[in-house]
Protein chains: 2
Amino acid sequence: MTPTPKVKPTNSELEILRVLWDRGASTVGQVHEVLAAKRDMGYTTVLKMLQIMMEKGLVSRDDSRRQHIYTAAAGEQSVQRQLMRDLLDKAFAGSAANLVMHALSAKKATQQELQEIREILDRLEGESK
Amino acid sequence: MTPTPKVKPTNSELEILRVLWDRGASTVGQVHEVLAAKRDMGYTTVLKMLQIMMEKGLVSRDDSRRQHIYTAAAGEQSVQRQLMRDLLDKAFAGSAANLVMHALSAKKATQQELQEIREILDRLEGESK
DNA sequence: TGCAAATTACGAAACAATTCGTATTTTTGC
DNA sequence: GCAAAAATACGAATTGTTTCGTAATTTGCA
């Protein structure tokens with residue numbers, strides 16, 4: 001089980017977590033490189049963010065070497081579930097079906113993804129039978 | 001078509017929109033009554049929020065009478081879609097299937113909801129053929 | 001060794017979101 | 001009419017987020 005963070009990540013923090021989830025353990029420079037490609041963002045800004053996230057327990061780091069190496073402490077799955085629940089409550093009045101409907105129309109899923117979703121449905125339906 | 005707001009509602013704004021979507025046009029007092037039941041929140045806080053939301057175009061109001069009547073200007077559907085897109089990008093790396101998976105496991109859907117989702121899938125799959 | 005380069009630490013400014021106290025305005029009942 | 005009650009307007013404090021400049025530290029190498 002991935003640990004559930006105590007705090008809900010802010011938007012910027014989520015951007016950084018995204019990088020760490022995708023790349024795995026990274027230096028500040030590596031995270032910065034990825035983010036700077038998308039939008040303007042100074043090196044020390046990223047550094048500071050990571051330091052704050054360290055305090056909040058969202059990342060952990062190895063500072064045994066010259067360049068500190070940061071790792072996402074909050075598991076991708078856990079954070080996703082947390083954000084999902086939050087959005088479900090606040091914006092969708094708890095209706096998962098409604099949310100799914102919007103998710104699918106917000107972004108076209110591939111044939112393969114649609115197939116995967118069918119499988120999830122099958123599994124869920126099987127369980128509740 | 002419900003109008004898409006220019007701005008993304010903040011958390012508190014979403015709470016208020018939730019009330020307006022559920023109850024329909026409401027006075028400050030009515031909104032306050034609902035929110036105060038959940039968490040501590042002063043009357044003028046709600047009032048101020050609604051005034052700010054008015055400026056942002058998230059609500060409209062009828063101030064022809066003593067008590068102003070507020071209505072959600074941002075349609076529930078539009079806001080949901082917008083938030084969905086946002087979350088999809090930031091937390092789910094664009095994978096709708098992944099998001100749907102979490103949505104379904106975060107909150108058990110009813111048989112009927114599952115059926116509705118299947119119908120959506122059918123429709124989508126039909127389109128892309 | 002000691003200087004230049006690379007890195008982290010720190011503080012604080014800029015901005016945005018939330019909250020509420022007080023002032024002002026409007027209505028109503030006497 | 002006028003006072004009390006009820007409502008809105010406004011300003012500002014507080015808190016949280018994001019950003020970055022500058023200082024301090026560490027490392028490698030000439």
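If you're wondering where the values come from, they're calculated on a predicted model, not measured in any experiment. Within every chain, numbering begins at 1; the chains are lettered A, B, ... in the order of the sequence lines, protein sequences first and strands thereafter.
To the nearest angstrom, P of D/dC10 lies 11 Å from CG of B/Leu47. Between the C1' atom of C/dA12 and the NZ atom of A/Lys48 lies a distance of 9 Å, rounded to the nearest Å. Summarising the geometry, the separation between CD on A/Gln30 and P on C/dA6 is reported as 16 Å, rounded to the nearest angstrom. Atom pair A/Leu50:CG and D/dC20:P shows a separation of 15 Å (rounding to whole Å applied). Spacing between atom CD of A/Gln67 and atom C1' of D/dT25 amounts to 15 Å, rounded to whole angstrom units. Between B/Asn11 atom CG and C/dA16 atom P the separation is 17 Å, expressed in whole Å. Rounding to whole angstrom units, CD of residue A/Gln51 and P of D/dT19 are separated by 15 Å. In this structure, the OH atom of A/Tyr43 is 18 Å from the P atom of D/dT22, given to the nearest Å.
Residue A/Thr45 is classed as a base contact, given a heavy-atom separation below 4.0 Å to a base. Contacts of B/Arg65 with the nucleic acid, taken as non-hydrogen atoms under 4.0 Å apart, are absent.
Dashed line: the shortest gap from a side-chain N or O of A/Ser12 to OP1 or OP2 of D/dT17 is not under 4.0 Å. The shortest distance between the side-chain N/O atoms of A/Thr10 and the OP1/OP2 oxygens of D/dT18 is below 4.0 Å. Between B/Arg39 and C/dT19 there is a side-chain polar atom (N or O) within less than 4.0 angstrom of OP1 or OP2. Distances shown here put every side-chain N or O of B/Arg61 at or beyond 4.0 Å from the OP1 or OP2 atom of D/dA7.
Between A/Asp63 and A/Arg66, the residue whose closest nucleotide on DNA chain C is further toward the 5' end is A/Arg66. A residue-by-residue look at A/Glu13 and B/Thr27 shows that B/Thr27 has its nearest nucleotide of DNA chain D further toward the 5' end.
Listed nucleotides: C/dT19, C/dT8, D/dT8. Nearest to the side chain of B/Val28: D/dT8. Closest to the B/His68 side chain, of the nucleotides D/dT8, D/dT17, C/dT8, is D/dT8.
If you run side-chain contact (heavy atoms from CB on, under 4.5 Å) between B/Leu50 and each of B/Ile16, B/Leu58, B/Thr45, only B/Ile16 comes through.
Between A/Arg18 and A/Asp22, at least one side-chain N (NZ, or NE/NH1/NH2) sits under 4.0 Å from a carboxylate O, which counts as a salt bridge. Between A/Glu15 and A/Lys38, no side-chain nitrogen of the basic residue sits less than 4.0 Å from a carboxylate oxygen of the acidic one, so the salt-bridge criterion is not met.
A 4.5 Å side-chain heavy-atom check between B/Asp63 and B/Met54 finds every atom pair outside the cut-off. Here the side chains of A/Val59 and A/Leu17 are in contact, with some heavy-atom distance below 4.5 Å.
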